Enquirer: 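First the structure, which I've put down as structure tokens, then a few questions once you've had a look.
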Amino acid sequence: MNSAEIRSRWLKFFENGNSQGLTHTVVPSASLVADDPNLLLVNAGMVPFKPYFLGEIKPPFVRATSVQKCVRTLDIDEVGKTTRHASFFQMCGNFSFGDYFKEGAIKLAWELLTKPVDKGGYGFPESKLWVTVFQNDDEAAEIWHKVVGVPKERIQRRGMADNFWSMGVPGPCGPCSEIYYDRGEQYGKEGGPIADEDRYLEVWNLVFMQYNRGEGGTKEKFPILGELPAKNIDTGMGLERMAAILQGVDNIYEIDTTKIILDKATSIVGIKYGADKSADIRLRVVADHTRTAAFLIADGVIPGNEGRGYVLRRMMRRVIRNMRILGADKPVIKDLIESTIKAMGPQYPELNTDKNRILEIAIRSEEHTSELQSHVRISYAVFCLK
Ligand code: SER
């Protein structure tokens with residue numbers, strides 16, 4: 001199932017295609033540039049809806065669904081090395097603003113995941129799915145077991161770090177329940193998500209948004225200011241992870257869309273993907289970061305020395321550096337960005353309409369880094385001589 005199909009099945013199911021008859025308003029992805037003083041970039045599907053959760057603005061709908069562009073750079077050093085970390089990803093989400101809560105969200109997620117492919121679902125075998133709940137969330141555990149029928153041994157409990165979601169900054173938060181897919185013994189040891197998160201891949205996070213997080217603290221411990229005005233639902237299913245599973249590929253860099261960029265990178269440097277582990281990591285970083293850069297530029301970010309501009313500059317520099325190390329000896333940005341537009345344009349037509357501007361900014365920024373390029377070339381030559 002290609003990425004476009006996964007996306008359209010998602011929106012259709014929530015818009016008007018689920019057996020609970022819960023219709024959702026389809027909301028287009030917001031810009032990556034967050035309208036939030038606490039955030040540089042949109043890093044989760046719920047960000048555009050934050051004022052609704054907090055009760056600051058009355059939502060124009062009680063249920064919504066979206067496929068939101070997101071950028072997360074916290075794990076940037078993991079990109080390319082694991083099968084599942086990306087700096088740009090698309091988060092499919094369904095949201096309830098004081099409407100359905102735990103039972104509704106759990107039943108919706110299970111229905112879409114396990115419904116057969118020929119009936120509009122994703123066709124997951126029930127026996128391959130595991131779930132986690134927050135340590136003391138008996139209610140969620142009970143819904144999974146008694147209402148949905150998940151055997152008790154495939155329901156695991158986890159603490160704050162894993163099963164209590166917040167934006168990392170002040171805002172709505174709450175306990176969550178995650179759904180994992182068992183990719184099989186070739187990916188790691190038995191024992192469910194608490195034992196191995198590479199074998200058991202998280203596909204969907206259901207957040208029961210109930211509290212308001214205050215300033216400060218850590219992932220495990222932070223101040224809770226109180227309850228939100230209503231009990232809400234915020235869920236997130238990573239489109240790229242879902243695509244990797246449904247396309248039977250090993251990692252998110254090899255799915256239909258990202259692979260187009262990865263293939264372009266391999267053809268520029270004339271090497272074979274899959275032949276050398278460290279080169280593969282570099283190629284994946286190039287594919288991931290090029291995509292992030294193209295979308296940042298499309299949403300109005302220009303390379304700079306601080307804030308969002310710096311995020312973009314860092315992405316571009318990492319692309320150039322990795323391509324040089326892989327052997328590229330001429331400018332690469334134009335070809336790579338063009339391949340990104342080719343890969344993502346069908347789902348994001350604005351990339352095509354804005355192609356010339358995106359290319360111009362990307363290429364100009366590469367030229368500005370020519371000093372960096374020669375530095376990298378010299379360091380690499382020195383490295384090879386050693
Ligand atoms: N906000 C949650 C997440 O980003 C669910 O959408 O995982």
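In listed order, ligands and their atoms are each counted from 1. The model shown is predicted, which means the values in this text are computed figures rather than measured ones. Every heavy atom of this structure was used, including side-chain atoms; hydrogens, water molecules and symmetry mates were not. All residue numbers refer to positions in the sequence shown, counting from 1.
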Enquirer: Does the pair Asp335/Lys342 count as a salt bridge with the N-to-O cut at 4.0 Å?
Expert: no
Enquirer: Is the Tyr181-Tyr200 ring centre distance short of 6.0 angstrom?
Expert: no
Enquirer: With under 30° as parallel and over 60° as perpendicular, where do the rings of Phe97 and Phe53 fit, or are they tilted in between?
Expert: tilted
Enquirer: Collect the protein residues that have a non-hydrogen atom under 4.0 Å from ligand 1 and hand them over in chain and number order.
Expert: Ala44, Met46, Arg72, Met91, Trp165, Asn205, Val207, Asp234, Thr235, Gly236
Enquirer: So does Glu5 pair up with Arg9, basic N to acidic O under 4.0 Å?
Expert: yes
Enquirer: Students often mix this up, so state it plainly: with edges at 30° and 60°, are the rings of Trp204 and Trp10 parallel, tilted or perpendicular?
Expert: tilted
Enquirer: Please identify each residue that fulfils salt bridge (Lys or Arg N to Asp or Glu O under 4.0 Å) with Asp182, with sequence neighbours left out.
Expert: Arg199
